[in-house]
Amino acid sequence: MTGTRPWWTGAVGYEVYIRSVADGDGDGIGDFHGLTDRLDHLAWLGVDIVWVTPFYPSPQADFGYDVADYCDVDPTFGDLDAFDRFVVRAHELGLRVVIDLVPNHSSDRHPWFEASRRSPNDPKRDWYVWRDPAPDGGPPNNWVSHFGGPAWTLDPSTGQYYLHLFLPEQPDLNWRNPEVREAFDDVLRFWLRRGVDGFRIDVAHGLLKTPGFPDNPVRTPVTPGMSPRTAFRAFEHRYDLDQPEVLDVYRRWRRITDDYDAFLIGEVYLRDADPSRVARYVLTGDGLHTTFWFPTLHVGWDPDAIWGAIERMAGIAGDKVCWPISSHDDPRAPTRFGGGDLGRERALAYLVLLCGLPGNAFLYQGAELGLENVAVPPERRRDPVATRNSDPSDGRDGCRTPMPWEPGRHLGFSAAEPWLPMDGHGPADTVAVQREDPSSVLARTRELLRVHAELPDLHGAPLVWLTRPPDAVLAVLRGETLVAVHVGDRRVGMRLPAGDWEIVYDRAGRPPPPPVTSVLPLEPVDALILRRV
């Protein structure tokens, strides 16, 4: 805690996709050695929290989200000593460490599941979700996987199906079994004792399923060749996701993490949900501290869409929200906002707005460089969502390509051929080049985070919307601090609250004018932070 506020109040997060951050051992894949060597960049940038995606031993069917051992490090990324050195170095630099926890499912190579599938009578059988076939011999119900196809796979050796809301290699754990809950208590304590400052909980809304496993209501018919995301949205996920009892798991974890002053962030990805359904995960005061809010990842450059994605959730959940600009699962913001220089400027303007909200803005590695998605050719695709489905449009390789650090071979990421191509990036995209350019996206992002850190209003003052659509300017007031972003296509004037207003941050990097009174002139894509003087 800092005074009476938790240490994470107003903190800015940074997602590290471990395979793509920096390769320290020369095999073309990112690792803890490379990440530790590059932590100076994150401290210089001004972020507060480093969230690292899964690094546990894994067959890598879903690149680490299929965990074979929850209490170790995959040799691809180093070992426990390398992890410990990373945590120590992060803390020396004033960075907090959040690690990904994947409790909904394990790998099918996890010893727990290998024991579970040996026999219906094995003590670990009830650690996973096994069901008899339907009367016709098919899957027990109509549930579908996020990644395409049925959510059930038949195990011929025992004649039963096991549940997997993702790949068949990712069987779902049975969270109604108290032994599973006790095992994860031990997992949390293992990493907390190693110094981690919190957990990002994967599929936080998915752990519990409705007993009896009834069919989910069908919204629209599923057709052959339909993309996995479209097929998943064809059902109302009434019985496989978002069960009320899941909050009891987080109340249990909260009792553990409170002893370590650690932070619980939920991946509550209810795409079609009312914000109040997501907010209930954080409003009890004894469960998750905050949750990611994913509509911010899916909007285009449109004031109605952006306001609609933010306003109600901010009003309901206040500062218990993480606002991501991009992620390892979704297109990068500059690509989403039109690409090229315009897409990069829009993405930076959008980040200004997210930094003006209560809660925690979250960058995804490379956002500070204005990186766009890379067009990965079919023969280089690695994401199972793309390689295992007839429609590869949901593939995520394009946003997962390696981080460009400096001009030269493989842009400083690795001495070896990177695991995904970097052909879409050049020297101008690198950290080294942009650090030398005061007008770069990197320089202006760093300045944004500096200003954000120094304005106490952005770390606790209530949110007041000054505008709303059809106005093309989205503006919020936090105490004596005002954040305005122009999402329209023509010059406008915004009427200011009473007083003189000093511009303390300008997305365009222009020299600050004298204090502004009454009307603030705004050009398209302008994003400003002002303070009343």
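What's counted below: heavy atoms across the whole structure, side chains too, no hydrogens, waters or symmetry copies.
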Basic-acidic side-chain contact under 4.0 Å: [X], [Y]:
X	Y	answer
Glu345	Arg507	yes
Glu447	Arg444	no
Asp341	Arg346	no
Arg38	Asp40	no

Item to complete: For the pair Asp274 and Arg312, evaluate salt bridge (Lys or Arg N to Asp or Glu O under 4.0 Å) and give the outcome as yes or no after the intermediate values.
Response: CA-CA 9 Å; Asp274 185 291; Arg312 192 165 174 220; 2.7 Å; yes
Item to complete: Would you please classify the geometry between the Tyr364 ring and the His328 ring as parallel, tilted or perpendicular, with 30° and 60° separating the classes?
Response: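 If you compare the ring of His328 with that of Tyr364, the planes turn out tilted.
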Determine yes or no for a side-chain-to-main-chain donor-acceptor pair under 3.5 angstrom, with [X] supplying the side chain and [Y] the backbone.
X	Y	value
Thr296	Ile325	no
Asn216	Arg238	yes
Thr335	Asn373	yes
Asp31	Gly24	yes
Thr430	Pro404	no
Ser227	Thr230	yes
Asn389	Ala386	no
Asp74	Phe77	no
Asp394	Arg229	yes
Thr445	Val441	yes

Flag the pair [X] / [Y] as yes when at least one side-chain heavy-atom distance between them is below 4.5 Å, and no otherwise.
X	Y	answer
Leu167	Pro384	yes
Glu15	Gln365	no
Ile265	Phe199	no
Asn360	Phe263	yes

Could you check whether [Y] and [X], counting side-chain N and O atoms only, form a donor-acceptor pair closer than 3.5 Å?
X	Y	answer
Ser20	Trp419	yes
Trp51	Asp100	yes
Asp108	His164	no
Asp62	Gln170	yes
His237	Asp242	no
Ser327	Asp329	no
Ser58	Asp66	yes
Asn141	Trp152	yes
Tyr65	Thr53	no

Discussion item. Salt bridge (Lys or Arg N to Asp or Glu O under 4.0 Å) for Asp172 and Lys209? Distances and angles first, verdict last.
Written reply: CA-CA 10 Å; Asp172 279 32; Lys209 283 76 177 177; 2.8 Å; yes
Practice prompt. Please indicate whether Asp489 has more than 12 foreign heavy atoms, meaning atoms of other residues, nucleotides or ligands, lying under 6.0 Å from its CG.
Written response: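 Not buried by this count: 12 neighbours or fewer within 6.0 Å.
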Worksheet item: Does a sphere of radius 6.0 Å around CZ in Arg388 hold more than 12 heavy atoms from other residues, nucleotides or ligands, not counting ones at 6.0 Å or beyond?
Response: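 Correct, the count exceeds 12.
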Discussion item. Walk me through whether Glu372 and Arg344 qualify under salt bridge (Lys or Arg N to Asp or Glu O under 4.0 Å).
Written reply: CA-CA 8 Å; Glu372 297 184 67; Arg344 284 187 282 272; 3.1 Å; yes
Worksheet item: Passes salt bridge (Lys or Arg N to Asp or Glu O under 4.0 Å), Glu311 versus Arg468? Steps please.
Response: CA-CA 9 Å; Glu311 183 270 340; Arg468 58 169 295 167; over 6 Å; no
Distance check, rounded to the nearest 0.5 Å: [X] atom [atom1] versus [Y] atom [atom2]?
X	Y	atom1	atom2	value
Ile49	Leu95	CD1	CG	10.0 Å
Gln434	Glu368	CD	CD	8.5 Å
Glu236	Leu241	CD	CG	11.0 Å
Ile201	Leu264	CD1	CG	4.5 Å
His486	Arg491	NE2	CZ	9.5 Å
His289	Lys320	NE2	NZ	9.5 Å

Centroid-centroid distance, [X] to [Y], less than 6.0 Å:
X	Y	result
Trp405	His41	yes
Phe86	His33	no
Phe166	His105	yes

Practice prompt. Quick one: closest heavy-atom pair of Ala416 and Gly28, and the distance?
Written response: CB-N, 3.8 Å
Worksheet item: How close do Ala428 and Val433 get, heavy atom to heavy atom, and via which atoms?
Response: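 Closest approach of Ala428 to Val433: CA-CG1, 4.2 Å.
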Worksheet item: Of Tyr128, Tyr56, Tyr70, which is the lone residue that meets ring pair (Phe, Tyr, Trp, His ring centres under 6.0 Å) with His110?
Response: Tyr70
Worksheet item: Among Trp293, Trp323, Tyr14, Phe292, whose ring pair (Phe, Tyr, Trp, His ring centres under 6.0 Å) with Phe362 holds?
Response: Phe292
